[in-house]
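Order of the sequence lines fixes the chain letters, A, B, ..., with proteins taken first and strands second; residue numbering starts at 1 for each chain. None of these values were measured; they are calculated from a predicted model.
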There are 2 protein chains.
Amino acid sequence: MTVEKVTSVDVAKRAGVSQSAVSRVFTPGASVSPKMAEKVLRAADELGYRPNVLARSLITGRSRIIGLVVAYLENQFYPDALEKLSNALQARGYHILVFMVSNDEAGIDQVMGELLDYQVDGIITASVGMSNDLAARCAAAGVPVVLFNRGQDDDRLNQVTSDNFEGGRKIASFLAAGGHQKIAHIAGWSGASTGRDREAGFRAGLEQAGLELIACIDGMYKREIAADAARKLFAGTDRPDAVFVGNDHMAFAVMDVLRFELGLSVPGDVSVVGYDDVSLASWPAYDLTTLRQPSNRMVEATVTTLLDWIEEGGTHVQKIKIDGPLMIRGSVRIPEGWPDARL
Amino acid sequence: MTVEKVTSVDVAKRAGVSQSAVSRVFTPGASVSPKMAEKVLRAADELGYRPNVLARSLITGRSRIIGLVVAYLENQFYPDALEKLSNALQARGYHILVFMVSNDEAGIDQVMGELLDYQVDGIITASVGMSNDLAARCAAAGVPVVLFNRGQDDDRLNQVTSDNFEGGRKIASFLAAGGHQKIAHIAGWSGASTGRDREAGFRAGLEQAGLELIACIDGMYKREIAADAARKLFAGTDRPDAVFVGNDHMAFAVMDVLRFELGLSVPGDVSVVGYDDVSLASWPAYDLTTLRQPSNRMVEATVTTLLDWIEEGGTHVQKIKIDGPLMIRGSVRIPEGWPDARL
DNA sequence: AGTGAATATGCATACGTATGCACCTTATAT
DNA sequence: ATATAAGGTGCATACGTATGCATATTCACT
């Protein structure tokens, strides 16, 4: 396999011009005459020349690479987000370098180091937090960070989330309006802001309706743990008549346990509500009522924020919350005369 | 935001040594004395120095970046593969640059060009084919390619697939053994080898059992098209008693239509078999019988093949087929006395 | 102590591109 | 026609690192 690299020098030679001229032809906005452009482009085409992005980045200091840190792709919300992020960035001339990471501090630190080695122009973390030390290193390296679907109290870190507190609250008032009395919660991981905020909003909404949680278990955003939580919640005789599960991924597991292990009817015996509105939630097998995280708008906000920092040298750290509607489907008892309008 | 790059020169200065020495300390296998290593590492640590991968790649000609081209992540098989590929490559010091692509020739060509601009060391396409022209360009650039889950007659392209023909055949004999008489097929996209091979194997298996397909519709690997196909298949009075669907992603849609639109029982009225064995297939809501594509082994083979080419200058193009078992679950009528052993 | 081999180190250069500067060409206005 | 600005072009250098070559140091052995 003979590798014949063709460089701007080769093109210059063939076109009978200087290397700078070639470079300028391939640099948008540089000053070149039409005649020159034509000559160079023809020579480039004949040789099959394409600029070396890496060499370019050495000078410009911009790699057009965005690092994406993500913990797991099993929850459908993330591949969906990844696909949308990648498309949006690709349309703007950037590309995503993927870093899978186990969600513990040591793993993240190690991976984030590798990330910076690649001179990424920016970093998006999907549902992953950062240590202070790390945030400092990114800041020092001048690499902007956006936390996608994760909040963190650090005024160097941009973040884009749905309005988790308000979402939890909406679900609470919806369940309360449906006349549910014994309401339980299988929470998202308490180590993440999303889980905590949803729970807090949910509790606030219940209180507002004069209700109280009868049980709350941390599901860790994991299918198996959520399933166990469901088994535990429904082990006694005093069963909940409604469960809010911290995300759809866990909610599916919970519904499976309720229906196929315990023989309960959803929503006949118990209402189930999720969070995210991944596409599977709308499939008839689950038909899950859930609070939609508007991934399109979240992605849009993420990309806009990040590129603003990269290209305009942004200075104002954004903490963006995006409101989403409750998607009412067949997994819940629907309140009498509940307005069709989305919450 | 002040960006202070710290380079090997800075480290050299502080440690009182030459830049070459610093480079060697960070190059595994280079000759350095323990004393030197210690001095340099301390200085590097104090300054927070890390080698610039991009600058390094300019000299070595290796970027340690693998381009991954993928069409869509909705089918759970792909995020799963992506996660595993990324982990496996990461463990070997490589990272994945993601390129989303619409599955048409023009889009692929455009994207593949950008890919080569990044000087990737290798390319993996997930369920995406390549034009001859493109294969030639990759070969000319010395960039090895592995097609993951896609076959193509081109002796420059490595490929790793499951044994799709044999898989289709296994499913046919299983359904035949179950006493099904009116067997239909909702095929994978006929534009892809996987779909064609599964269908061919399926037909061969039926013939072997003295049966014949009563209907076959191209589902294009798309949920909505598969759902329509199911509606069409079951519109008349002479309904199939078994359907083999070209992948799980479509099979879920088919089951949804059968159960929730047509009120049929699966497997009471009709058996359904899928292909892939994504994790959702084993969830009780579907409990889908399906032929497992062993993604772990496929990923392993893909990574091994690719890195062999990259690091050892491989020369023998691999066309690897990996056999997978039929996972027998509740979506089919199970043949009397069918051995528990996997097919 | 002296010899040769083996190991460490520094110097200089190369990788492929972008860009400041100086120069030259062409267009524009006077 | 001349003066001036505006636009093109080439030269030289820089980006941050790896590496061949020559030299300096260490070591084992006689």
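A straight line from CE of A:Met36 to P of C:dT26 spans 13 Å, rounded to a whole angstrom.
Between B:Thr304 atom OG1 and B:Asn158 atom CG the span is 11.5 Å, to the nearest 0.5 Å.
In terms of position on DNA chain D, the residue among A:Gly16 and B:Thr7 whose nearest nucleotide sits closer to the 5' end is A:Gly16. Residues B:Ile59 and B:Lys35 each lie close to DNA chain D; by heavy-atom proximity, the contact nearer the 5' end of the strand is made by B:Ile59. Residue whose closest nucleotide on DNA chain C sits further toward the 5' end, between A:Pro51 and B:Val17: B:Val17.
Direction of the helix axis in the helix from C:dA1-D:dT30 to C:dT30-D:dA1 shifts by 20° between the two five-pair termini, rounded to 10°.
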As a quick check of understanding, evaluate salt bridge (Lys or Arg N to Asp or Glu O under 4.0 Å) for A:Arg14 and A:Asp10, giving each step before the final call. CA-CA 6 Å; A:Arg14 168 176 268 253; A:Asp10 301 327; over 6 Å; no

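Each of A:Gln90, A:His95, A:Arg50 was evaluated against B:Glu114; a single residue qualifies, A:His95, per the side-chain hydrogen bond (donor to acceptor under 3.5 Å, both in side chains) test.
No donor-acceptor pair under 3.5 Å is formed between the side chain of A:Ser57 and the backbone N or O of A:Ser63. At distances below 3.5 Å, at least one donor-acceptor pair connects side-chain atoms of A:Lys319 with backbone N or O atoms of A:Leu157.
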Per-pair distances, 0.1 Å, donor-acceptor, side chain in residues 131-145 of chain A, under 3.5 Å, sequence neighbours excluded:
residue: A:Ser131; atom: OG; partner: A:Leu134; partner atom: N; Å: 3.1

Report, one line per pair, each donor and acceptor closer than 3.5 Å where one atom sits in a side chain of residues 64-79 of chain A; sequence neighbours left out.
residue: A:Arg64; atom: NE; partner: A:Gly93; partner atom: O; Å: 2.9
residue: A:Arg64; atom: NH2; partner: A:Arg92; partner atom: O; Å: 3.1
residue: A:Asn75; atom: OD1; partner: A:Phe77; partner atom: N; Å: 3.0
residue: A:Gln76; atom: OE1; partner: A:Leu280; partner atom: N; Å: 3.3
residue: A:Gln76; atom: NE2; partner: A:Ser279; partner atom: OG; Å: 3.0
residue: A:Tyr78; atom: OH; partner: A:Ser127; partner atom: OG; Å: 2.8
residue: A:Tyr78; atom: OH; partner: A:Asn149; partner atom: ND2; Å: 3.0

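The side-chain heavy atoms of B:Asp117 and A:Leu54, taken from C-beta on, include no pair separated by under 4.5 Å.
Within 6.0 Å of atom NZ in A:Lys222, 12 or fewer heavy atoms from other residues, nucleotides or ligands are found, so the atom counts as exposed in its surroundings.
Dashed line: the shortest gap from a side-chain N or O of B:Ser33 to OP1 or OP2 of C:dA8 is not under 4.0 Å.
Inspection of the A:Tyr221 and A:Thr194 side chains reveals an N or O donor paired with an N or O acceptor under 3.5 Å. Inspection of the B:Gln19 and B:Ser23 side chains reveals no N or O donor paired with an N or O acceptor under 3.5 Å. Checking B:Lys321 against B:Ser162 by side-chain atom types alone, no donor-acceptor pair falls below 3.5 Å.
Protein chain A touches strand DNA chain D; the 5'-most and 3'-most nucleotides with an atom under 4.0 angstrom of its non-hydrogen atoms are D:dG8 to D:dG16.
Residues from residues 38-46 of chain B placing a heavy atom under 4.0 Å of any atom in DNA chain D do not occur. For DNA chain C, the neighbouring residues in residues 20-30 of chain B, judged by any heavy atom under 4.0 Å, are B:Ser20, B:Ala21, B:Arg24.
When all heavy atoms of B:Ala301 and B:Ile320 are compared, the pair lying nearest together is CB-CD1, 4.1 Å.
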